[in-house]
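Inspection log for the structure reproduced underneath, given as structure tokens.
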There are 2 protein chains.
Amino acid sequence: MSTTNKPRRVTIDDVARSTGVSRQTVSRAINDKPEIDPATRQRILTVAQEMGYRPSRFARGMVRQSTTTLGLVIADVLNPFFPEVVAGVLEAADARGWQVVIYTTASELSREQKVAETVVDHVDACVAFLLDAAAIARVADSGMPFVLMGNEDRPVELSTVRIDFASGIRQAFDHLVSRGHRRIAMIDDRNRAESGAPDVRSGLFTAAAAEYGLPVEPHWRQLATNSVQGGAAAMERLLETAPEVTAVVSYNDMIAIGAMRHAMARGLAVPGDCAFVGFDGLTLGELVDPPLTTLSIDKRRLGQAAVEQAAAQMAGTGAMADTVVRTELMVRAST
Amino acid sequence: MSTTNKPRRVTIDDVARSTGVSRQTVSRAINDKPEIDPATRQRILTVAQEMGYRPSRFARGMVRQSTTTLGLVIADVLNPFFPEVVAGVLEAADARGWQVVIYTTASELSREQKVAETVVDHVDACVAFLLDAAAIARVADSGMPFVLMGNEDRPVELSTVRIDFASGIRQAFDHLVSRGHRRIAMIDDRNRAESGAPDVRSGLFTAAAAEYGLPVEPHWRQLATNSVQGGAAAMERLLETAPEVTAVVSYNDMIAIGAMRHAMARGLAVPGDCAFVGFDGLTLGELVDPPLTTLSIDKRRLGQAAVEQAAAQMAGTGAMADTVVRTELMVRAST
DNA sequence: CTGAAAGCGCTAACAA
DNA sequence: TTGTTAGCGCTTTCAG
């Protein structure tokens with residue numbers, strides 16, 4: 001017959017009792033404090049180990065207000081864009097002795113709300129890629145230091161880290177027009193388009209086209225899910241509805257690569273029949289064939305900047321900053 | 001003159017005082033408990049928001065012993081192998097309502113020790129890619145649920161999730177030999193070789209070669225740092241010391257891709273002059289040219305399995321499990 | 001070198 | 001519906 005009492009956790013008092021010392025002394029032993037007899041320390045440590053004692057994070061955190069935990073919300077670790085941002089965040093957080101908890105929304109708008117809910121009561125500060133307005137508000141209203149990343153239309157009352165898409169798109173046009181392209185299509189991100197946020201990128205695209213005196217047809221724009229497959233699918237549609245385009249600018253490199261590969265599979269020459277420009281500057285883009293021309297951004301820097309802003313908020317300094325990361329055109333063989 | 005008193009945190013008591021209710025009522029309001037007058041709740045919430053009140057994670061955790069935080073130690077988010085594992089871990093952790101804190105060692109053995117130190121007093125359980133024996137011991141001895149990932153030589157007293165490299169290498173040999181290769185080189189991971197752990201992979205490689213009656217020359221083995229560049233550098237050396245090899249098996253896909261590209265840049269035909277086999281089955285391998293033949297493993301599953309084992313340990317169930325993930329040969333154009 | 005007292009901020013259980 | 005009473009497990013004073 002089982003006499004399993006509910007397995008209460010082993011506390012410092014249990015160890016103290018078993019050792020015949022006060023709980024202070026146990027605390028000294030496990031924290032490597034100097035004011036303790038080495039022999040006593042050793043004895044305590046041994047017993048503690050045997051009893052399976054492990055200090056409670058919470059009790060500790062309670063009494064020393066030190067450790068900061070940063071929540072990092074991204075769409076998907078499998079999208080190679082994010083690991084680079086994560087690297088920047090980890091680096092900057094580590095420099096401050098912060099812990100980083102990762103949350104992913106699986107690129108589903110519907111999950112953002114729930115993630116926001118979880119985040120607010122598990123971390124001290126948050127840097128996040130979030131599109132859903134309600135989710136953004138949930139975190140912002142919690143009052144914790146919060147930095148929104150990647151949003152092009154900045155809610156002015158938030159601290160943000162953004163990408164300068166406008167200048168990027170102009171660089172792309174400059175480049176493509178100088179190569180003689182006139183009919184340029186865009187493959188945009190479906191999630192973004194559906195997030196309800198103002199459709200900034202397409203707007204900028206249209207505006208830039210106008211600047212360069214280029215025609216813009218509505219069916220030269222396709223939406224893609226954020227992946228290589230998504231890009232391929234969008235390209236498939238584009239080839240049907242707009243075979244006349246000679247260049248495609250994509251929301252990001254993943255989509256661009258998918259689109260480019262699909263075009264090649266369909267027998268088009270790249271860049272001869274159709275040129276491709278990506279956005280992000282993933283390492284991946286150098287490895288594919290042909291290497292992808294792209295508007296590169298310093299993704300690591302993006303992450304670092306976000307952490308810096310969060311830190312500033314924690315410190316009460318520089319309230320609502322807004323870092324804008326510029327793009328750099330990397331011309332490769334796809335254009 | 002500044003009268004800044006040290007900015008003590010706003011507590012539930014402060015809110016209670018300002019609101020003229022007991023702290024319990026405040027607690028009810030912020031936790032959305034039913035037994036409270038809606039008007040009171042609203043009033044409290046408003047005041048709390050104004051005062052910038054935010055509940056203390058620690059005090060909460062203290063009283064409701066619920067939340068579990070899992071530490072995940074990986075070498076480097078920028079190595080595309082890890083994001084897939086991370087995805088599996090996040091998924092499995094999320095299913096259990098666990099938080100995941102990420103730690104990276106930057107692929108530096110010397111950092112493992114420090115990371116181990118940090119991990120043990122910030123999380124409740126840990127799943128880790130760790131090579132350094134001392135670091136492994138540090139975590140294991142802490143007594144927390146711990147799962148070691150990726151180690152080929154299993155310390156029997158640990159819960160582990162491993163890759164079946166032996167069967168993988170045999171699949172590679174089978175394939176290469178059937179393609180007529182006899183002089184096969186290996187590019188191994190430098191960190192692993194230098195970790196002091198028994199050199200299992202090279203041993204298996206040698207053993208497999210023997211099985212197939214193939215010659216093995218010491219200079220057919222090169223060490224590489226874990227990256228595309230590292231692979232390229234190793235291939236450079238290999239071409240100097242062993243131009244006679246007709247196939248190269250690499251520690252992983254990143255290294256294989258670097259090696260393959262370097263060979264092509266040097267004018268070799270792939271797979272005509274030299275064939276390449278990778279290990280991991282990264283998506284990346286399908287995108288490069290030529291697509292990389294590889295020993296694919298279910299990396300996501302790896303992460304999930306680790307979390308499952310950690311969960312089993314938390315529950316006190318199934319003490320020391322050992323999951324072995326098998327490889328699957330994906331033949332593509334590089335061989 | 002060691003111990004006793006005093007909380008850290010919160011919620012569960014019980015009273016009112 | 002609201003308030004009161006007890007801790008949760010630990011470290012930081014301050015005395016011995």
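Atoms considered below: every heavy atom in the structure, side chains included; atoms not considered: hydrogens, waters and symmetry mates. Within every chain, numbering begins at 1; the chains are lettered A, B, ... in the order of the sequence lines, protein sequences first and strands thereafter.
The closest side-chain heavy-atom distance from Thr40(B) to Arg28(B) is not below 4.5 Å. Annotation: side chain of Thr104(A) is not in contact with side chain of Phe82(A) (no heavy-atom distance under 4.5 Å). Residues Asn191(A) and Asn226(A) fail the side-chain proximity criterion, which asks for heavy atoms closer than 4.5 Å. Contact of the Ile136(B) side chain with the Phe146(B) side chain is registered, since non-hydrogen atoms from C-beta on lie closer than 4.5 Å. Side-chain contact between Val101(B) and His122(B) is absent, with no heavy atoms from C-beta onward closer than 4.5 Å.
A side-chain donor-acceptor contact under 3.5 Å links Asp76(A) to the backbone of Leu78(A).
Counting to the nearest Å, the C1' atom of dG9(D) and the CZ atom of Arg17(A) are 12 Å from each other. Rounded to whole Å, the distance from CG on Asp13(B) to C1' on dC10(C) is 9 Å. Atom CG of Asp14(A) and atom C1' of dC10(D) are 13 Å apart (whole Å). Rounded to an integer number of Å, the gap from CE of Met62(A) to P of dC10(C) is 7 Å. Atom CD1 in Ile12(B) sits roughly 12 Å away from atom P in dG3(D) (whole-Å rounding). Rounded to whole Å, the distance from CD1 on Ile44(B) to P on dT11(C) is 12 Å. Going from atom OH of Tyr53(A) over to atom C1' of dT11(D) covers 10 Å, rounded to whole Å.
Distances shown here put a side-chain N or O of Arg60(B) below 4.0 Å from the OP1 or OP2 atom of dT11(C).
The salt bridge (Lys or Arg N to Asp or Glu O under 4.0 Å) test applied to Arg111(B) returns Asp94(A), not counting sequence neighbours.
Ionic pairing of Arg96(A) and Glu308(A) is not present here: no N-O contact between side-chain nitrogen and carboxylate oxygen is shorter than 4.0 angstrom. Contact check on Arg9(B) versus Asp14(B) returns no salt bridge, with no Lys/Arg side-chain nitrogen under 4.0 Å from an Asp/Glu carboxylate oxygen.
Near DNA chain D, meaning a heavy atom under 4.0 Å from it, residues 19-27 of chain A has Arg23(A), Gln24(A), Ser27(A) in order of number. Of the residues in residues 31-41 of chain A, those placing a heavy atom less than 4.0 Å from an atom of DNA chain C are Glu35(A), Ile36(A), Asp37(A), Thr40(A), in numerical order.
Looking at Arg28(A), its side chain comes within 3.5 Å of the base of dG3(C) through a donor and an acceptor atom.
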